[in-house]
Colleague: 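Sharing a structure below in structure tokens format, with a few things to ask.
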Amino acid sequence: MYTQGLDQAGSKPRRRDGLETDAQLAAFQARIDADEKIEAKDWMPEAYRRTLVRQISQHAHSEIIGMQPEGNWLTRAPTLRRKAILLAKVQDEAGHGLYLYSAAETLGVSRDQMVRDLLDGKAKYSSIFNYPTLTWADIGAIGWLVDGAAIMNQIPLCRCSFGPYARAMVRVCKEESFHQRQGYEIMLTLVRGNAKQKAMAQDAINRWWWPSLMMFGPNDEDSPHSAQSMKWKIKRFSNDALRQKFIDATVPQAEFLGLKMPDDKLEFDEQTGHYRFGEINWQEFYDVLAGNGPCNRQRMATRQQAQADGAWVREAASVYAEKQAARNAA
Amino acid sequence: MTEKNWPLYEVFIRSKSGLSHRHAGSIHATDDQMALDNARDTYTRRNEGVSIWVVRSSQIVASDPAEFAAFFEPAKDKIYRHPTFYDIPEDVGNM
Amino acid sequence: MTTHSDVEQARLTYALRLGDNALVLGQRLIELVAHHPELEEELANANISLDFIGQARLFYSCAGELEGRGRTEDDFAFLRDDGEFQNLLLLELPNGHFGDTIVRQVLFDSFYVLQLEALVSCTDAGIAEIAARAIKEVRYHLRHVSQWLIRLGDGTDESHARVSQSLLDLWRYTGEMFSGDLVDDCLRDACNGPDLARIQEQWHDNVSALLKEATLDMPEDGWMISGGRQGVHTEHMGFLIAQLQHEQRACPGASW
């Protein structure tokens with residue numbers, strides 16, 4: 001999920017490596033066009049490799065940072081059943097981060113390096129996780145809207161041209177199928193509850209609707225590198241197409257809940273069969289992506305703290321393994 | 001403190017008895033026991049397995065994609081290895 | 001003399017205590033989500049926490065049936081005051097660093113495994129059934145955290161020093177596991193429940209062997225703190241309960 005900012009953030013101009021001949025590039029494109037999967041040890045253009053490392057690692061970082069906003073409610077989940085479900089979901093996010101780092105590692109970059117890039121602020125993650133979870137309803141809204149948007153993004157990635165990424169996404173999508181449903185179930189329970197709970201549900205949508213639309217990334221005309229990603233079949237649909245699909249699927253679900261999306265311009269267009277919607281605040285999007293969202297600093301600080309606190313543990317395990325190996329060799 | 005990267009392991013899972021182990025993904029661990037635990041905790045959360053193999057990724061010997069043609073293509077034209085190569089009259093029945 | 005209703009009451013209290021232990025430790029472990037030293041350990045800890053929450057739910061439901069007044073797992077978890085919880089004090093202590101968490105878990109799981117093994121043959125069918133299920137989970141937990149204790153004890157000088165201190169800090173909470181009250185006596189005598197004196201011996205032997213492998217010194221049994229069985233907790237408990245019950249208390253009577 002969460003690969004929105006990728007085709008611009010940190011994207012360098014394509015380097016034509018001296019070793020990459022036109023014949024190689026053409027042969028590679030022919031494989032892609034024939035819907036062949038590219039595997040890690042296969043020849044690939046350096047720019048393809050770099051695009052994938054960046055996209056997959058950002059995706060992985062997003063999963064890992066994404067544990068925090070929901071983790072914020074683990075100790076306060078209102079029932080034991082909800083607590084167990086939420087924990088299983090947050091655990092899935094850790095697992096998905098792990099699968100994705102593994103997929104990126106096949107391209108020759110170590111997980112430790114990717115994690116360092118994140119902690120040093122060099123790598124990006126999805127803007128959505130820089131918003132705070134203020135009430136229990138936010139946990140419902142995240143499951144329903146954020147995971148719903150993520151799934152729209154992720155299902156096409158199961159057919160991505162790079163084999164290890166595609167396989168990781170198949171596993172991720174299969175496991176995530178319960179995430180959106182549990183979120184919607186939380187919302188349903190709230191809107192059927194007392195007045196305070198209903199208000200909580202509406203408030204959560206008010207805060208999460210627009211940020212979840214931003215998850216699909218900038219408008220197509222502002223997404224200059226998308227074309228190359230589509231040509232390489234890393235990306236299968238444009239940002240705007242996926243966003244529209246998400247809106248069309250989600251608005252009726254809100255109506256069923258009796259909740260209103262915070263957009264006065266939202267209306268169904270009989271002619272196109274799609275919903276028309278208002279202008280996204282792109283300034284906010286770029287601000288959050290640049291580090292100026294409500295929780296950016298907090299999320300990074302938490303991650304950095306965990307990494308620092310664990311250093312002596314990771315070292316002890318390595319040293320113990322060396323000692324054991326030496327003993328076994330003796 | 002200089003940190004050492006934890007080694008990478010490949011994980012293979014037998015989903016039920018009677019089937020082969022299949023590659024599921026990879027994990028990091030400092031020792032073999034930890035690798036098994038981590039594989040169990042990561043890849044069998046939904047009851048996906050009855051047996052796990054882990055092996056250090058560095059220990060796997062793999063064929064080279066650059067030698068694909070020499071390595072695999074010679075097997076392509078040995079069609080007489082396959083049952084459909086042979087014409088047996090229908091009257092003979094299943095064979 | 002033990003009457004029928006004494007036995008009934010003891011079974012109920014015992015089930016609640018098992019639930020309280022599982023819930024309070026599960027709640028503490030959940031606080032660690034997104035704070036683990038390595039990604040793989042996030043998954044391991046979440047599995048362990050999920051097991052404990054699952055066990056708490058089962059023991060509370062069992063208690064609800066024994067009580068017969070219609071109270072649910074959530075009523076026990078969210079609508080009792082901290083003084084009504086009867087968990088071991090060890091389990092409510094703040095997590096500290098990774099070594100503290102591992103040592104706490106080793107000390108408790110070493111006990112819990114033996115307790116559950118004994119409970120499998122308890123004559124209370126409800127408790128015995130849950131114990132038979134939980135024992136598989138807890139055996140894995142114990143193995144996992146024991147391996148970690150060995151790595152930390154026999155790792156670097158720093159890790160050795162850290163877990164040695166964790167042991168010293170937490171040792172005084174271990175006596176409470178074995179100092180039973182009338183409820184424990186009643187369950188042992190009337191329901192073939194655990195014999196705490198025997199468990200203590202086995203625990204001592206097992207932990208001593210593990211610490212030896214981890215190159216750690218076993219602390220002397222000195223003064224031991226207790227109070228959990230009487231609902232007299234540490235200062236930390238109030239905060240744990242406040243977080244746990246936050247939503248149910250803020251919005252009384254709502255469904256979730």
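Chain letters run A, B, ... following the sequence lines, proteins first and then strands; every chain starts at 1. Any value given below was found using the heavy atoms of this structure, including those in side chains, with hydrogens, waters and symmetry copies removed.
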Colleague: Could you tell me which portion of A:Arg76 (side chain, backbone, both or neither) has an atom closer than 4.5 angstrom to a non-hydrogen atom of chain C?
Modeller: both
Colleague: For C:Asp217, does the CG atom have more than 12 heavy-atom neighbours from other residues, nucleotides or ligands under 6.0 Å away?
Modeller: no
Colleague: Below 4.5 Å, heavy-atom pairs only: which of C:His160, C:Glu42, C:Arg151 has the largest tally toward chain A?
Modeller: C:Arg151
Colleague: Select, from C:Leu43, C:Leu244, C:Ile53, the one with the greatest count of heavy-atom pairs under 4.5 Å involving chain A.
Modeller: C:Leu43
Colleague: So for atom CZ, which belongs to A:Arg327, do other residues, nucleotides or ligands contribute more than 12 heavy atoms lying within a distance under 6.0 Å?
Modeller: yes
Colleague: Between C:Glu31 and A:Leu74, is the side-chain contact (heavy atoms from CB on, under 4.5 Å) condition met? List the steps.
Modeller: CA-CA 8 Å; C:Glu31 294 172 8; A:Leu74 277 170; over 6 Å; no
Colleague: Testing the basics here: between A:Arg303 and C:Ala34, what is the closest heavy-atom pair and its distance to 0.1 Å?
Modeller: NH1-O, 3.1 Å
Colleague: Heavy atoms only: give me the nearest A:Ala316-C:Leu152 pair and the separation to one decimal.
Modeller: CB-CD2, 4.0 Å
Colleague: Would the distance check show the side chain of A:Gln197 and the main-chain N or O of C:Ser255 forming a donor-acceptor pair, the cut-off being under 3.5 Å?
Modeller: yes
Colleague: Would you say the side chain of A:Trp73 lies within less than 4.5 Å of the side chain of C:Glu247, judging by non-hydrogen atoms?
Modeller: yes
Colleague: Measuring from atom CG of A:Asp112 to atom CD of C:Glu38, what distance do you get when rounded to the nearest 0.5 angstrom?
Modeller: 6.5 Å
Colleague: Nearest heavy-atom pair of A:Ala84 and C:Arg57: which atoms, and what distance?
Modeller: CB-NH1, 4.4 Å
Colleague: Does the pair A:Tyr320 and C:Thr156 meet the rule for a side-chain contact (heavy atoms from CB on, under 4.5 Å), with working shown?
Modeller: CA-CA 7 Å; A:Tyr320 172 76; C:Thr156 60; over 6 Å; no
Colleague: Quick one: which of C:Gln245, C:His97, C:Glu40 has the most heavy-atom pairs under 4.5 Å with chain A, could you say?
Modeller: C:Glu40
Colleague: Can you tell me which portion of A:Val90 sits under 4.5 Å from chain C's heavy atoms? Options are side chain, backbone, both or neither.
Modeller: side chain
Colleague: Please state whether the side chain, the backbone, both or neither of C:His35 comes within less than 4.5 Å of a heavy atom of chain A.
Modeller: both
Colleague: Identify which part of C:Phe78 has an atom lying under 4.5 Å from any heavy atom of chain A, answering side chain, backbone, both or neither.
Modeller: side chain
Colleague: Any chance CZ of C:Arg143 has more than 12 other-residue heavy atoms, nucleotides or ligands included, within less than 6.0 Å?
Modeller: yes
Colleague: Select one option (side chain, backbone, both, neither) describing which atoms of A:Ala77 are under 4.5 Å from chain C's heavy atoms.
Modeller: backbone
Colleague: Below 4.5 Å, heavy atoms only, C-beta onward: do C:Val33 and A:Met67 meet side chain to side chain?
Modeller: yes
Colleague: Supply the atom-to-atom distance C:Ser49 OG to A:Gln91 CD, rounded to the nearest 0.5 angstrom.
Modeller: 8.5 Å
Colleague: For C:Glu65, does the CD atom sit with more than 12 other heavy atoms under 6.0 Å from it, leaving out its own atoms?
Modeller: no
Colleague: So which of A:Ala94, A:Gly310, A:Ala88 has the biggest tally of heavy-atom pairs under 4.5 Å with chain C?
Modeller: A:Ala94
Colleague: With respect to chain C, which residue among A:Lys196, A:Gln68, A:Glu185 yields the maximal number of heavy-atom pairs within a distance under 4.5 Å?
Modeller: A:Lys196
Colleague: Which answer fits C:Glu41, side chain, backbone, both or neither, if we ask what part of it has an atom under 4.5 Å from a heavy atom of chain A?
Modeller: neither
Colleague: If you look at every heavy atom in C:Gln248 and A:Pro78, which pair is closest and at what distance?
Modeller: NE2-O, 2.7 Å
Colleague: Between A:Gln305, A:Lys323, A:Arg192, who has the most heavy-atom pairs with chain C when the cutoff is under 4.5 Å?
Modeller: A:Lys323
Colleague: At their closest point, which heavy atom of A:Leu87 faces which heavy atom of C:Ala46, and how far apart are they?
Modeller: CD2-O, 3.9 Å
Colleague: Using heavy-atom distances under 4.5 Å, tell me whether C:Arg162 contacts chain A through its side chain, its backbone, both, or neither.
Modeller: side chain
Colleague: Determine whether more than 12 heavy atoms belonging to other residues, nucleotides or ligands lie under 6.0 Å from atom CD of C:Glu213.
Modeller: no
Colleague: I'd like to know if C:Glu73 and A:Lys83 make a salt bridge, using a cut-off of under 4.0 Å between side-chain N and carboxylate O.
Modeller: no
Colleague: Checking A:Asp309 against chain C: side chain, backbone, both or neither under 4.5 Å from a heavy atom?
Modeller: neither
Colleague: Show, in sequence, the C-alpha distance, side-chain angles and deciding distance for C:Leu39 and A:Arg111, and conclude whether the side-chain contact (heavy atoms from CB on, under 4.5 Å) test is met.
Modeller: CA-CA 10 Å; C:Leu39 190 44; A:Arg111 186 167 93 193; 3.9 Å; yes
Colleague: Run C:Gln243 and A:Thr75 through side-chain hydrogen bond (donor to acceptor under 3.5 Å, both in side chains) and show every step you take.
Modeller: CA-CA 6 Å; C:Gln243 270 200 25; A:Thr75 58; 2.5 Å; yes
Colleague: C:Ile150 versus chain A, heavy atoms under 4.5 Å apart: side chain, backbone, both or neither?
Modeller: both
Colleague: Give, as side chain, backbone, both or neither, the part of C:Asn47 having an atom under 4.5 angstrom from any heavy atom of chain A.
Modeller: both
Colleague: Go through A:Asp92, A:Thr135, A:Thr302, A:Val319 and name the one with the most non-hydrogen pairs under 4.5 angstrom from chain C.
Modeller: A:Val319
Colleague: Relative to chain C, which segment of A:Leu190 carries a heavy atom at a distance below 4.5 Å: side chain, backbone, both, or neither?
Modeller: side chain
Colleague: Roughly how far, to the nearest 0.5 Å, is CG of C:Asp74 from CZ of A:Arg81?
Modeller: 10.0 Å
Colleague: Does atom CZ of C:Arg249 have more than 12 heavy-atom neighbours, drawn from other residues, nucleotides or ligands, at distances under 6.0 Å?
Modeller: yes
Colleague: Please check if the number of heavy atoms outside A:Asn328 that lie under 6.0 Å from its CG is greater than 12.
Modeller: yes
Colleague: Do you know which two heavy atoms are closest between C:Trp148 and A:Val313, and how far apart they sit?
Modeller: CZ3-CG1, 3.5 Å
Colleague: Need one label for A:Ile64: side chain, backbone, both or neither, based on atoms under 4.5 Å from any heavy atom in chain C.
Modeller: side chain
